[in-house]
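Heads up: the structure comes next, in structure tokens.
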Amino acid sequence: MSAITTEIFNQKLLEVILAHNKEFTERLIENSHNQTFFEITNNSEHGDLTTNFAMMHAKSLKMNPIKLAEILVDGFEKNKKELFIKDIKIAGPGFLNLYLDESFWHKTLVYIKSNLKGYGFENIGNGSKANVEYVSANPTGPLHIGHCRGAIIGDVIASLYGKMGFDVTREYYVNDAGGQIEQLVYSVESKYREKASINPNEQDITYDGQYINDIASELFEKYRDLLFEETNYNKIIKDCAISHILNLIKQDLNKVNIKHDIFFSEASLLANDEISKTMEYLKEKKYIYWGKLPLPKNQEDIDLEQREQDIFASTMFGDDIDRAVSKEDGSHTYFASDIAYHQNKISRGFSKLVNIWGADHAGYVKRLQGAVSALSDGQAGVDVVLCQLVRLFRDDKPVKMSKRNNDYVTIGEVVDEVGSDPVRFMMLYRKSDAPLDFDFVKVCDKSKENPVFYVQYAYARIHSVIRNWNDENNQDFISNFNRLEVDFNMLNHSQEIALIKKMSYFPVLLKNVVITNDVHRIAYYLHDLASDFHALWNLGNDNENMRFITSDDKKTLQRLAFIYLVSQIIETGLDLLGVSYPERM
RNA sequence: GGGGGCGUAGCUCAGUAGGAUAGAGCACCAGAUUCCUAAUCUGGGGGUCACAGGUUCAAAUCCUGUCGUCCUCACCA
């Protein structure tokens with residue numbers, strides 16, 4: 001593939017610098033995780049492409065940055081023509097600015113056209129296995145809106161990784177062991193007793209709500225009042241409750257188009273003895289020791305007693321204190337099963353692990369990363385993406401949620417009210433480590449303050465133009481698009497060129513998002529791209545020559561092909577975000 | 001008290017892993033539709049990037065401290 005992209009400038013720069021200093025260049029290639037030197041400018045005074053290379057590396061080359069820039073200029077001067085360079089300038093303290101011929105941007109469109117649906121994606125993963133674990137809410141009740149944010153972010157990260165060459169597994173860790181599940185069983189049992197007119201339990205129940213009632217009914221219908229005749233009635237209740245609730249959760253996730261590949265059971269780790277095996281392994285490695293934890297500071301009012309127990313040395317990995325893996329009764333802690341769970345992931349061959357968590361688990365990050373590092377001798381790592389709270393509003397008034405009274409808004413309720421697209425887009429239209437305010441009224445608003453419709457509208461407008469042209473010419477533009485040969489050489493308005501430059505940033509964006517997991521940037525990019533398109537559209541209102549469909553057939557075809565490519569990037573982006581792209585609105 | 005997130009325009013927030021004159025939406029003011037979808041666009045005012053130091057040729061961005069705010073804190077999951 002003889003691709004004409006901004007990549008050729010990065011390669012050229014390496015060539016130039018290699019000729020100047022071989023040893024330095026080899027070191028550079030070895031140590032640098034990213035050999036992108038040129039950035040696309042957003043200020044035309046700085047040319048089309050710019051690099052700060054001379055300033056960045058002047059010191060290690062023991063050179064004056066301007067001198068270094070001059071060497072680069074010499075190197076690029078020699079290939080000016082084939083690199084579409086009109087002018088090269090050194091600016092400021094050592095920026096190297098390239099001014100390109102418009103034909104370069106026209107070639108860029110040809111390149112985008114040849115890739116079409118695959119444009120923007122790069123094989124970074126090279127087939128390696130990635131595991132994205134998200135939602136993982138306890139199966140003790142339906143999902144509330146707070147879970148939704150992490151669910152969507154995880155889903156988009158997984159989609160993106162899949163497109164960038166990773167073999168992705170979307171996983172949900174089901175905490176079907178431990179005290180909260182016992183509470184759930186107890187709550188269901190109490191409801192069942194009511195229905196079966198069996199003498200009631202004495203303690204208050206933790207979980208309540210329609211779903212508890214439904215589970216109890218299910219049990220009553222099956223066993224009438226004879227459930228306790230079954231020797232394993234506790235397990236029967238547990239299995240029934242968990243499968244019922246997981247079904248609710250899956251239904252809700254379905255409403256926002258989220259599907260996991262694997263629901264991994266915590267209880268299965270216990271059943272397969274994986275937890276104790278993993279603990280033994282870490283004891284051998286001396287990462288787990290028998291000892292006492294210090295009492296927590298400033299919590300003297302709590303009556304705590306120090307005792308000896310198994311402790312994971314998470315301070316070796318930057319945690320503040322070491323963490324217990326066994327409880328007083330000898331059973332393992334949640335952390336212990338989580339360590340075993342991650343051992344399981346590693347043994348399944350995943351080289352990339354990503355966990356999406358609520359910000360209330362922030363304090364848990366270091367110990368888990370420490371554990372993964374200990375398990376893999378530093379070979380594996382785990383990315384943890386923390387999501388801050390979602391605050392619900394209705395017309396600027398806060399919507400109260402109380403988990404205790406089961407008085408919270410479920411994902412299903414929200415989606416039923418406003419639809420999947422706005423929910424997904426709004427959840428992605430904020431960086432994950434900042435709190436997010438979600439207003440039912442504003443999210444439904446079909447115009448201002450709602451970026452999702454703004455982006456979709458640009459897409460719909462493009463398809464509207466194409467429909468009009470089809471009708472006038474009695475042809476089908478899109479189905480003939482692959483065969484269409486265009487060189488785009490009549491696109492020379494500054495706003496057209498600016499839009500092409502923005503299109504050529506798309507692959508850079510996706511690459512960065514894979515590295516940082518900042519999926520919100522895809523949403524912002526699409527908004528930005530749509531904005532440029534809308535501006536271009538409106539140019540045609542004032543100036544008939546700037547309309548997409550003109551009296552010049554050749555120009556019209558070029559412009560239609562151009563905006564169709566814009567729509568393809570919007571489509572690719574929205575598809576990654578799991579948002580629809582209707583051709584009519 | 002320890003740990004972490006956040007602090008950018010009147011409001012809600014972006015800011016491409018340090019770069020050139022800090023951006024967008026909303027709100028406010030003034031305009032654009034006989035014509036491809038006005039769910040759109042154009043122009044205008046609006047900033048000590050919380051504060052103080054430090055590193056650097058270059059800091060909203062990195063480091064230290066202070067203030068404000070939110071989350072979290074032993075064998076809950």
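Residue numbers start from 1 in every chain, and the chains themselves are labelled A, B, ... in the order their sequence lines are given, proteins ahead of strands. What you are looking at is a predicted structure, and each value in this text was computed from that prediction instead of being measured.
- Along RNA chain B, the nucleotide closest to A:Ser326 and the one closest to A:Ala359 are compared, and the more 5′ of them pairs with A:Ala359.
- When each of A:Asn97 and A:Ile321 is assigned the nucleotide of RNA chain B with its nearest heavy atom, A:Asn97 is the one assigned upstream, toward the 5' end.
- Checked by atom type, the side-chain pair A:Tyr161/A:Asn517 shows a donor-acceptor distance below 3.5 Å.
- Checking B:rA38 for Watson-Crick or G-U wobble geometry (two distances, each under 3.5 Å) identifies no partner in any strand.
- In this structure, A:Arg467 does not pair ionically with A:Asp471, as no charged nitrogen and carboxylate oxygen lie closer than 4.0 Å.
- Using a 4.0 Å cut-off between charged side-chain N and carboxylate O, A:Asp383 and A:Lys352 make a salt bridge.
- Whole-Å rounding puts the A:His527 NE2 to B:rC26 P distance at 8 Å.
- Contacts of A:Arg307 with the nucleic acid, taken as non-hydrogen atoms under 4.0 Å apart, include base atoms.
- Atom CE of A:Met56 and atom P of B:rC62 are 15 Å apart (whole Å).
- Within the structure, every side-chain polar atom (N or O) of A:His534 is placed at least 4.0 Å from both OP1 and OP2 of B:rA39.
- B:rA58 and B:rA20 have their C1' atoms separated by 9 Å, given to the nearest Å.
- Here the side chain of A:Tyr524 is nearest to one of B:rC13, B:rC75, B:rG19, namely B:rC13.
- A donor-acceptor pair shorter than 3.5 Å can be found between the side chains of A:Asn344 and A:Glu274.
- We find that OH of A:Tyr334 is positioned 17 Å from P of B:rA74, with the value rounded to whole Å.
- Rounded to the nearest Å, the gap between the C1' atom of B:rA17 and that of B:rU21 is 24 Å.
- Across the C1' atoms, B:rU66 and B:rA77 are found 37 Å apart, a figure rounded to whole Å.
- Taking atom P in both B:rG15 and B:rA9, one finds a spacing of 15 Å when rounded to whole Å.
- Within 6.0 Å of CD in A:Gln306 there are more than 12 heavy atoms belonging to other residues, nucleotides or ligands.
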What are the atom names and distances for every N/O pair under 3.5 Å that joins the protein to nucleotides 34-38 of chain B?
| residue | atom | partner | partner atom | Å |
| --- | --- | --- | --- | --- |
| B:rC35 | O2' | A:Arg547 | NH1 | 2.6 |
| B:rC35 | O2' | A:Arg547 | NH2 | 2.3 |
| B:rC35 | O2 | A:Arg547 | NH1 | 2.9 |
| B:rC36 | O4' | A:Arg547 | NH2 | 3.1 |
| B:rC36 | O3' | A:Asn468 | ND2 | 2.7 |
| B:rC36 | O2' | A:Asn468 | ND2 | 2.5 |
| B:rC36 | O2 | A:Ile549 | N | 3.4 |
| B:rC36 | N3 | A:Phe548 | N | 3.3 |
| B:rC36 | N4 | A:Trp537 | O | 2.9 |
| B:rU37 | OP1 | A:Ser464 | OG | 2.0 |
| B:rU37 | OP1 | A:Asn468 | ND2 | 3.0 |
| B:rU37 | OP2 | A:Ser464 | OG | 3.1 |
| B:rU37 | O2' | A:Tyr457 | OH | 2.2 |
| B:rU37 | O2' | A:Arg461 | NE | 3.1 |
| B:rU37 | O4 | A:Met585 | N | 3.1 |
| B:rA38 | OP2 | A:Arg461 | NH2 | 2.5 |
| B:rA38 | OP2 | A:Trp537 | NE1 | 3.3 |

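- The side chain of A:Gln180 sits closest to B:rA77 out of B:rC41, B:rA77, B:rC57.
- At a threshold of 4.0 angstrom between heavy atoms, the contacts of A:Asn42 include nucleobase atoms, whether or not backbone atoms are also involved.
- Contact annotation for A:Gln309: base contact, defined as any heavy-atom pair under 4.0 Å involving a base atom.
- Heavy atoms of A:Ala458 sit nowhere under 4.0 angstrom from any nucleic acid atom.
- For A:Lys431, whose side chain is taken as the heavy atoms from C-beta onward, the closest listed nucleotide among B:rG19, B:rC75, B:rG7 is B:rG7.
- Once the 5.5 Å centre distance and the 30° plane angle are applied, the aromatic ring of A:Phe95 is found not to be stacked with the base of B:rG19.
- The pairing partner recorded for B:rC6 is B:rG68, the criterion being a Watson-Crick or G-U wobble arrangement whose two distances lie under 3.5 angstrom.
- Between A:Phe312 and A:Phe335, the ring-plane angle classifies as perpendicular under the 30° and 60° cut-offs.
- Taking atom CG on A:Asp528 and atom C1' on B:rC13, their separation rounds to 14 Å, with Å as the unit.
- With rounding to whole Å, A:Asn450 atom CG is found 11 Å from B:rG25 atom C1'.
- Comparing B:rG5 with B:rC41, their C1' atoms sit 38 Å apart, to the nearest whole Å.
- When the side-chain contact (heavy atoms from CB on, under 4.5 Å) test is applied to A:Asp528, the partners found at least two apart in sequence or on another chain are A:Lys502.
- Nearest to the side-chain atoms of A:Asp360 among the listed nucleotides B:rC41, B:rC71, B:rG5 stands B:rC71.
- In this structure, B:rU21 forms no base pair with any nucleotide, since neither Watson-Crick nor G-U wobble geometry is met with both distances under 3.5 Å.
- Atom CG of A:Asp338 is separated from atom P of B:rC75 by 14 Å (rounded to the nearest Å).
- Between A:Lys366 and B:rG3 there is no side-chain polar atom (N or O) within less than 4.0 angstrom of OP1 or OP2.
- Seen from the ring of A:Tyr99, A:Lys89 counts as a face-on cation partner, given the 6.0 Å and 45° thresholds.
- Residue contacts shown for A:Pro65 are absent, as no nucleic acid heavy atom lies under 4.0 Å away.
- Here A:Tyr364 lies in heavy-atom contact (under 4.0 Å) with a base.
- Checked against B:rA77, B:rA39, B:rG15, the side chain of A:Arg521 finds its nearest nucleotide in B:rG15.
- By the criterion of a centre-to-centre distance under 5.5 Å and near-parallel planes under 30°, the ring of A:His46 forms a stack with the base of B:rA20.
- For A:Asp48 and A:Lys501, the salt-bridge test passes: some basic side-chain N is under 4.0 Å from an acidic carboxylate O.
- Rounded to a whole angstrom, the distance from the C1' atom of B:rG10 to that of B:rG53 is 31 Å.
- Inspection of the A:Tyr459 and A:Glu571 side chains reveals an N or O donor paired with an N or O acceptor under 3.5 Å.
- Atom CG of A:Asp433 and atom C1' of B:rG7 are 13 Å apart (whole Å).
- The distance from atom CG of A:Asp322 to atom C1' of B:rG2 is 15 Å, rounded to the nearest whole Å.
- Between A:Lys327 and the phosphate of B:rA77, there is a side-chain N or O to OP1/OP2 separation shorter than 4.0 Å.
- In this model, a side-chain donor or acceptor of A:Thr50 finds a partner on the base of B:rA20 within 3.5 Å.
- Base-pair partner of B:rG46: not found among the strands shown (Watson-Crick or G-U wobble, both distances under 3.5 Å).
- When the P atom is used for both B:rC11 and B:rC49, the distance is 16 Å, rounded to whole Å.
- For A:His332 and A:Asp310, the side-chain atoms include no donor-acceptor pair closer than 3.5 Å.
- Of the candidates B:rA14, B:rC75, B:rG19, B:rA14 carries the atom nearest the A:His520 side chain, counting heavy atoms from C-beta on.
- For the C1' atom pair drawn from B:rU42 and B:rU56, the interatomic distance equals 41 Å after rounding to whole Å.
- Residue contacts shown for A:Glu45 include a base, since a base heavy atom lies under 4.0 Å away.
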